[in-house]
Amino acid sequence: MATTSHRFSLAIPSGVTVTTVKWNYGDSFTTETGLGPMEHTYWQAGNFVVTATVTLASGDQSIVQHRINVLNYIDGMECVQDLAVTGPS
């Protein structure tokens, strides 16, 4: 069983006002919060698509996705712990 925690965050260009960010971690767990960093624990190994749906003050939305591969622990070694997802500036 994989119990690997990952950290996700967004980088927003200056002058852009974000009202909400909805995170979908690709494993049926979602949350609505700020830009991050967000920490999420995966309870099983597999390929997941992390999606951040960003709503701007204007009402426009932007969707950023990133595919990750969560591996089982091997000899106590951990997978990559930090991941930053950034969109176009």
Side-chain angles (χ1 to χ4, degrees):
M1 174 193 309
T3 55
T4 304
S5 291
H6 292 275
R7 192 172 294 186
F8 305 95
S9 62
L10 291 172
I12 304 298
S14 62
V16 175
T17 304
V18 173
T19 57
T20 61
V21 179
K22 294 181 181 179
W23 293 89
N24 181 326
Y25 299 100
D27 62 351
S28 301
F29 185 81
T30 61
T31 186
E32 184 172 332
T33 188
L35 302 175
M38 300 299 301
E39 190 164 315
H40 179 67
T41 300
Y42 289 91
W43 296 98
Q44 62 184 16
N47 293 305
F48 302 95
V49 176
V50 178
T51 304
T53 303
V54 180
T55 303
L56 304 177
S58 65
D60 292 337
Q61 286 190 332
S62 181
I63 297 173
V64 179
Q65 294 184 317
H66 188 80
R67 184 176 308 275
I68 65 168
N69 184 16
V70 176
L71 305 173
N72 283 317
Y73 284 116
I74 300 173
D75 297 327
M77 295 174 57
E78 295 184 16
C79 298
V80 174
Q81 287 296 307
D82 294 316
L83 171 69
V85 179
T86 59
S89 51

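L10 and A52 get closest at one heavy-atom pair: CD1-CB, 4.0 Å. Y25 and V50 get closest at one heavy-atom pair: O-CG2, 4.2 Å. The shortest heavy-atom contact between A57 and T19 is CA-CG2, 3.6 Å. Across every non-hydrogen atom of G26 and F48, the tightest pair is O-CD2, 3.4 Å.
Under the side chain to side chain donor-acceptor pair (under 3.5 Å) criterion, T53 pairs with no residue, sequence neighbours left out. Remark: T20 pairs with T55 by the side chain to side chain donor-acceptor pair (under 3.5 Å) rule, at least two apart or across chains.
Atom OG1 of T30 sits about 13.0 Å away from atom CH2 of W23, to the nearest 0.5 Å. The OG1 atom of T51 sits 9.5 Å away from the CZ atom of R67 when rounded to the nearest 0.5 Å.
Cluster annotation: I12 is connected to L56 through the hydrophobic network of ILVMFWY side chains, with a link wherever side-chain heavy atoms come within less than 4.5 Å. Transitive grouping of hydrophobic side chains (ILVMFWY, heavy atoms separated by less than 4.5 Å) brings V16 and V21 into a common cluster. Both F29 and Y42 are assigned to one and the same hydrophobic cluster, defined by single-linkage of ILVMFWY side chains at heavy-atom distances under 4.5 Å.
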Inset, instruction - In sequence, state the C-alpha distance, the side-chain angles, and the governing distance for H40 and T31, and then conclude on side chain to side chain contact (heavy atoms under 4.5 Å, CB included). - result: CA-CA 10 Å; H40 179 67; T31 186; over 6 Å; no
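Sorted by first then second residue, the salt bridge (Lys or Arg N to Asp or Glu O under 4.0 Å) pairs that include residues 37-63, not counting sequence neighbours, are R7-E39.
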